[in-house]
Amino acid sequence: MNRESAFQTSTDPGGLTDSRLSEVFRLMYTIRRFEVTTERAHLDGELYGPFHSSMGQEAVSVGACIALRPDDVVTSTHRGHGHAIAKGADLGRICAELWGRSTGYCQGKGGSMHIVSMEHGFVGQSPIIGGSGLLATGAALAFDLTKDSRVAVAFMGDGAVGQGVFHESLNLAAIWRLPVVFIVENNGFAHSFRAEQMQLNPDIAPRAEGYGIPGVVVDGMNVLDVHEATRTAVDRARRGDGPTLIEAKCYRWRGHNLGDAEHLYRAREEVEKARRDDPIERFKQAVADRIPERTLAAIEAKVDGEIEAAVRFAGASPPPDPGIALEGSF
Amino acid sequence: MNRESAFQTSTDPGGLTDSRLSEVFRLMYTIRRFEVTTERAHLDGELYGPFHSSMGQEAVSVGACIALRPDDVVTSTHRGHGHAIAKGADLGRICAELWGRSTGYCQGKGGSMHIVSMEHGFVGQSPIIGGSGLLATGAALAFDLTKDSRVAVAFMGDGAVGQGVFHESLNLAAIWRLPVVFIVENNGFAHSFRAEQMQLNPDIAPRAEGYGIPGVVVDGMNVLDVHEATRTAVDRARRGDGPTLIEAKCYRWRGHNLGDAEHLYRAREEVEKARRDDPIERFKQAVADRIPERTLAAIEAKVDGEIEAAVRFAGASPPPDPGIALEGSF
Amino acid sequence: MREITFVEAVREAQAEALASDDRVFIMGQEIGEYGGVFRATEGLAERFGAHRVRDMPIAEQSMLGAGVGAAVMGMRPIVEVMFMDFIACGMDAIVSHAAKMRYMSGDQMRAPMVIRTQGGSGTHHGAQHSQTLESWFLHVPGLAVVVPSTPSDVIGLFRASIELDHPVLFVEHRALYRTTGTVADRVETIPLGRGVIRRYGDDVTVAAVGKSVRQALVAARELDEEGVSVEVIDLRTLVPMDVDLVLDSLSRTHRLVVAHEAVERGGWAGELISRAVAEGFDELDAPPLRAASLATPIPFARELEAEMICDERLIARRVRESLGMPEPWA
Amino acid sequence: MREITFVEAVREAQAEALASDDRVFIMGQEIGEYGGVFRATEGLAERFGAHRVRDMPIAEQSMLGAGVGAAVMGMRPIVEVMFMDFIACGMDAIVSHAAKMRYMSGDQMRAPMVIRTQGGSGTHHGAQHSQTLESWFLHVPGLAVVVPSTPSDVIGLFRASIELDHPVLFVEHRALYRTTGTVADRVETIPLGRGVIRRYGDDVTVAAVGKSVRQALVAARELDEEGVSVEVIDLRTLVPMDVDLVLDSLSRTHRLVVAHEAVERGGWAGELISRAVAEGFDELDAPPLRAASLATPIPFARELEAEMICDERLIARRVRESLGMPEPWA
Ligand SMILES: Cc1ncc(C[n+]2csc(CCOP(=O)(O)OP(=O)(O)O)c2C)c(N)n1
Ligand SMILES: Cc1ncc(C[n+]2csc(CCOP(=O)(O)OP(=O)(O)O)c2C)c(N)n1
Ligand SMILES: [Mg+2]
Ligand SMILES: [Mg+2]
């Protein structure tokens with residue numbers, strides 16, 4: 001399926017108010033700047049450890065998260081910066097965690113693949129492929145047991161679909177009608193592996209049928225479409241009608257991680273072509289008649305400053321006290 | 001779905017010759033007598049350990065196995081006596097294994113849940129739910145790698161469908177087009193759990209679609225239907241066209257195991273009603289104009305003798321020499 | 001004071017937890033109306049509702065993983081793994097998720113849950129249904145390991161387990177279920193990490209947990225007739241481990257035998273011996289010895305099982321060895 | 001003689017196996033055209049074809065389980081588990097299937113396969129991607145455990161592993177991949193279970209495997225300057241374990257330190273110490289000590305990792321402790 005032709009770009013900003021639309025822009029732009037900035041810092045040797053950029057997938061993170069209540073929860077994967085930011089987590093504390101500093105969300109114990117902000121309902125990443133689905137299913141089970149009206153959203157990669165836990169999560173959520181939404185970011189690759197190699201049917205959403213739950217495909221480069229699909233799924237979940245599987249078709253702009261030998265599995269032209277479809281630019285066009293150019297520019301300037309401040313905060317924070325290395329274990 | 005109305009009883013013995021039909025009868029009757037006899041022996045305290053009767057499911061074991069070449073392989077579950085017998089394993093050595101004797105297939109190291117006869121392509125049971133599917137997938141991978149024309153058949157229970165390995169096996173077999181046939185014996189229960197509780201869609205065969213492989217439902221009480229469906233699937237696999245998922249609807253006549261508190265989850269009437277549909281009787285009717293009554297009677301008499309002999313063989317065999325307890329480990 | 005069976009204690013302990021804390025619920029196979037394959041949850045579904053005593057499809061990964069997700073959102077799940085062997089099917093959820101959540105998140109998340117399971121030899125369930133695997137979990141930071149040996153301890157230790165803000169592996173030996181013991185009307189909570197001396201003695205200290213404690217007591221009585229005075233320590237929990245109690249005993253007996261049904265190689269006795277030697281070397285008059293099972297899968301036939309499994313005779317033999325005594329019938 | 005890196009040796013060892021035995025094939029993620037995330041299979045797909053060097057979807061259970069199925073049908077799979085942590089996702093296939101097939105079947109089936117994996121600290125992959133878990137597998141009868149420390153040993157041990165008629169866990173430490181060593185033009189096969197003395201010494205024996213051997217050698221050089229003569233034993237395989245070599249060394253040094261990066265609690269040092277004490281008690285002038293990591297998940301920040309992970313400093317400290325020497329900078 002050709003992505004460009006498969007979707008009708010929704011030019012209707014889905015009933016969102018101007019201020020919400022500005023918020024959408026702010027979040028997408030923040031994620032982009034964050035990824036650009038921290039990637040640079042990593043290349044400059046300021047950061048260490050694995051680094052998975054979510055650049056190009058901003059529309060999925062933001063489209064989904066703005067459909068949530070602040071107290072709804074999100075689980076994520078190894079590629080989780082965007083999800084954390086979209087869910088409202090603090091930039092300074094995320095940076096500090098990436099930098100391995102005491103002020104990081106996890107006191108430096110987590111790192112880039114383990115951001116958690118319980119305060120913001122970002123209940124964290126599992127870089128064990130498929131893990132995010134289970135954690136969200138469990139969170140939804142907690143909501144179900146306590147008659148809590150919250151909803152859990154699991155971000156997963158297309159690579160998770162081959163895992164047994166994917167199947168088990170969906171089945172369990174379905175039979176128990178749990179308030180959970182599974183969002184598969186189908187960015188075309190699980191590292192070097194293309195979706196076509198991982199399953200005969202390259203579409204993931206139809207898998208939902210086997211579990212008796214709705215499955216929808218959405219253009220993951222269109223934040224408003226993602227929002228719409230998520231809103232529908234979240235409403236359904238909150239009503240007690242159970243889970244939905246959303247497949248958001250998108251594209252991974254960067255290598256799998258920093259240092260990935262991308263050239264071994266995809267042509268530069270393919271990436272360049274894909275990058276011409278920029279979710280942020282698309283959004284700008286879609287809201288051109290609603291949000292004036294200078295509003296966007298003001299947001300950009302503000303975000304630039306925030307990210308600079310966040311990086312400064314991280315850099316200036318002390319490393320964790322070695323004395324805490326044993327705390328919290330057993 | 002009501003089983004009785006859902007299938008058209010195939011009265012056409014599927015092109016099988018008279019002697020093959022007699023063989024079908026012999027195998028089904030053997031399984032029945034085996035289960036009756038060994039169950040009695042267990043109740044009498046001659047056997048020990050868990051015991052899972054396949055009584056009532058003879059048509060699935062036999063229908064599938066007669067569609068195979070002797071060198072094709074079969075993997076099985078905790079409920080595997082019928083599969084072993086249908087694949088041609090020796091009754092005496094199966095009995096001896098159940099009795100824990102040195103002459104058993106596994107020298108007494110396996111027991112009722114671990115019969116193996118490599119000689120007959122019965123590559124064994126895995127009572128770890130879902131395990132049989134993986135082993136057959138792996139066997140099929142070996143065939144694929146060595147350009148061997150053999151086919152692997154996995155018997156699985158309906159309980160296996162919720163397991164992650166079910167999903168992984170099917171997906172792997174599908175993308176690699178492995179020569180494997182997955183036969184799910186949907187006998188209505190995974191212990192006390194009904195299929196309806198385990199999945200929203202109580203039919204299992206449609207799951208195949210998600211993997212891009214054929215899925216067929218077959219009346220598991222009709223040995224000729226099972227044979228026909230398996231033959232088609234095996235041909236397909238042997239041609240190199242990949243796996244098939246067959247769901248054979250049947251009913252478990254006995255409790256989950258000896259000592260099962262059946263009354264806690266099903267009414268005696270339900271069982272009695274189901275037992276009126278006897279796969280052996282059905283077969284007899286279907287072939288009444290082909291195989292004379294006395295031929296069947298002669299087969300019965302012969303089998304009765306064989307089973308008696310097998311039990312005698314087991315009972316007379318010495319227990320394993322304790323010295324072998326450490327052999328074969330590491 | 002009253003006398004109850006071990007399995008009744010397991011039931012009572014869970015009932016108490018369900019009654020006193022709304023956050024507690026149970027998940028597992030056959031644990032609902034059926035009451036558990038070993039009757040350990042009998043009556044609980046009726047009393048607390050199918051909502052809180054939740055029957056599961058066969059899907060160990062999601063059972064344990066969803067348990068973690070629910071726990072981090074504030075619940076206190078009890079997850080029953082039917083046979084300890086099946087823990088291998090859900091190992092990732094325990095090791096990489098449950099045990100690490102608290103630490104990785106800088107203490108933002110906790111995953112309090114009790115993973116109940118049973119295992120062990122004696123019922124001839126064969127190699128895949130009889131393993132004793134608790135030793136693995138000593139090696140998993142973040143997880144407590146509890147192995148009770150009496151009904152009263154079941155209740156006292158279970159309460160401490162369900163109240164702990166860490167995940168707990170709670171291991172029951174199948175052969176203990178029908179054993180009886182007296183319990184006080186109001187059982188005291190037993191803090192994890194506190195062993196108990198079950199029998200005082202002067203010559204050799206035997207340390208064990210679970211069923212092996214009973215076997216050690218049998219061996220001690222037998223050795224008493226040979227003039228050997230054995231002290232039997234029930235560690236009750238393996239993590240934390242009451243090494244001080246053992247050292248204190250060694251300062252009197254100067255000899256140590258560690259007994260467990262788990263395979264000797266790589267088993268937890270190695271941990272206790274390493275610590276006893278490191279911290280009590282000068283007290284030791286003889287090398288600490290292990291009484292444990294031999295390195296084979298567990299065979300079906302009783303003659304073979306008797307050859308490799310640790311029993312009271314082996315414990316007695318090791319005690320004599322430790323004293324340099326000849327075997328009475330050697 | 002030539003000098004190659006550790007990872008080149010891993011590549012060569014596999015190439016040799018593929019070239020010399022048609023039954024050998026490789027399965028894993030990113031191992032095909034991509035050449036492995038650590039380049040351990042670079043060039044193999046080109047040379048031997050995608051059929052024999054098979055890229056897998058992310059599905060550890062089926063990767064390992066299908067490996068077992070293929071092995072019992074006569075193949076000799078090499079299965080790469082990308083990070084040792086992910087072994088927990090496929091634990092059942094290894095423990096309940098691969099390791100038990102031969103024994104359970106009364107030696108009718110064998111499951112020769114090499115499960116290659118890598119792990120360890122130092123790259124700041126965090127708690128779920130840095131574990132050292134080989135100790136679990138000492139406790140799994142039926143499985144060999146190999147942990148090479150030099151390029152030459154990689155080749156010699158791999159050949160023995162792929163030829164063994166049992167499954168083998170072959171563990172590589174990530175930090176060794178770029179280390180170099182000389183290899184003979186024709187490397188000799190190294191029988192499993194034979195350790196080697198890497199450095200002769202009189203005062204204390206340090207036993208280790210893998211990366212810890214290198215650290216022990218560094219510690220030994222440092223201690224040399226303090227006038228302490230350390231003997232360093234590289235066990236090379238943990239199952240079987242060359243306890244005799246250690247005992248022989250102890251008869252000269254009378255002091256033992258066992259070093260491993262795995263968490264101390266429940267780690268394999270306990271096994272060696274238990275055996276050394278049981279079989280060499282009279283030789284010991286001081287308690288055997290463990291130099292191993294503390295009981296926490298592995299934290300991201302380097303300051304925290306340094307606090308809990310076993311390194312050359314800890315090994316040196318334990319050696320001094322064993323000699324009753326004060327710490328030089330204490
Ligand atoms: C259980 C497990 N197996 C393998 C890996 C190694 N791994 C990390 S990311 C990745 C690819 C994931 O692809 P996808 O799910 O599509 O996410 P994306 O990277 O595209 O965001 C793999 C194989 C892992 N982290 N966990
Ligand atoms: C991994 C695993 N989990 C749980 C069990 C316990 N168990 C044994 S048989 C069974 C029910 C199986 O039902 P099904 O697959 O339908 O087979 P049937 O008994 O109906 O033949 C269960 C839950 C098991 N053997 N393995
Ligand atoms: Mg992807
Ligand atoms: Mg069933």
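A quick note: this is a predicted structure, and the numbers were derived from the prediction, not measured. Proteins come first, then strands; the chains are lettered A, B, ... in the order of their sequence lines, and each starts at number 1.
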Greatest number of non-hydrogen atom pairs under 4.5 angstrom with chain B, of Ala306(C), Ala295(C), Gly126(C), falls to Ala295(C)
Counting only non-hydrogen atoms closer than 4.5 Å, does [X] touch chain C with its backbone (N, CA, C, O), its side chain (CB onward), both, or neither?
{"X": "Leu98(B)", "answer": "backbone"}
{"X": "Phe166(B)", "answer": "neither"}
{"X": "Ile128(B)", "answer": "both"}

Among Pro127(B), Ala160(B), Gly328(B), the residue with the most heavy-atom pairs under 4.5 Å to chain C is Pro127(B)
Highest number of heavy-atom pairs under 4.5 Å with chain C among Gly110(B), Gly323(B), Cys106(B), Gly104(B) belongs to Gly110(B)
Within-4.5 Å side-chain heavy-atom neighbours: [X] and [Y]:
{"X": "Leu18(C)", "Y": "Val53(C)", "result": "yes"}
{"X": "Val123(B)", "Y": "Leu135(B)", "result": "no"}
{"X": "His139(C)", "Y": "Glu271(C)", "result": "no"}

With a 3.5 Å distance limit and no angle check, can you tell me whether [X] reaches the backbone of [Y] through a side-chain donor-acceptor pair?
{"X": "Gln14(C)", "Y": "Ala40(C)", "result": "yes"}
{"X": "His97(C)", "Y": "Gly65(C)", "result": "no"}
{"X": "Arg318(C)", "Y": "Arg290(C)", "result": "yes"}

Scanning both residues in full, the closest heavy-atom pair of Phe122(B) with Gly80(B) reads CZ-O, 4.1 Å
Note: Gly133(B) and Ala154(B) closest approach over all heavy atoms is CA-CB, 3.9 Å
Anything under 3.5 Å between chain C and chain B that's a donor-acceptor pair? List each one with its distance, please.
{"unit_1": "Glu30(C)", "atom_1": "OE1", "unit_2": "Ser192(B)", "atom_2": "N", "d": "3.2"}
{"unit_1": "Glu30(C)", "atom_1": "OE1", "unit_2": "Ser192(B)", "atom_2": "OG", "d": "2.5"}
{"unit_1": "Glu30(C)", "atom_1": "OE2", "unit_2": "Ser192(B)", "atom_2": "N", "d": "3.1"}
{"unit_1": "Tyr34(C)", "atom_1": "OH", "unit_2": "His191(B)", "atom_2": "NE2", "d": "3.2"}
{"unit_1": "Tyr34(C)", "atom_1": "OH", "unit_2": "Asp260(B)", "atom_2": "OD1", "d": "2.4"}
{"unit_1": "Tyr34(C)", "atom_1": "OH", "unit_2": "Ala261(B)", "atom_2": "N", "d": "3.0"}
{"unit_1": "Ile58(C)", "atom_1": "O", "unit_2": "Gln163(B)", "atom_2": "N", "d": "3.4"}
{"unit_1": "Glu60(C)", "atom_1": "OE1", "unit_2": "Gln163(B)", "atom_2": "NE2", "d": "3.0"}
{"unit_1": "Arg265(C)", "atom_1": "NH1", "unit_2": "Phe330(B)", "atom_2": "O", "d": "3.1"}
{"unit_1": "Arg265(C)", "atom_1": "NH2", "unit_2": "Phe330(B)", "atom_2": "O", "d": "3.2"}
{"unit_1": "Ala295(C)", "atom_1": "O", "unit_2": "Ser329(B)", "atom_2": "OG", "d": "2.8"}
{"unit_1": "Phe300(C)", "atom_1": "N", "unit_2": "Lys109(B)", "atom_2": "O", "d": "3.2"}
{"unit_1": "Ala301(C)", "atom_1": "N", "unit_2": "Gly108(B)", "atom_2": "O", "d": "2.9"}
{"unit_1": "Arg302(C)", "atom_1": "N", "unit_2": "Tyr48(B)", "atom_2": "OH", "d": "2.9"}

When rounded to the nearest 0.5 Å, the distance separating CD1 of Ile58(C) from CZ of Phe86(C) is 9.0 Å
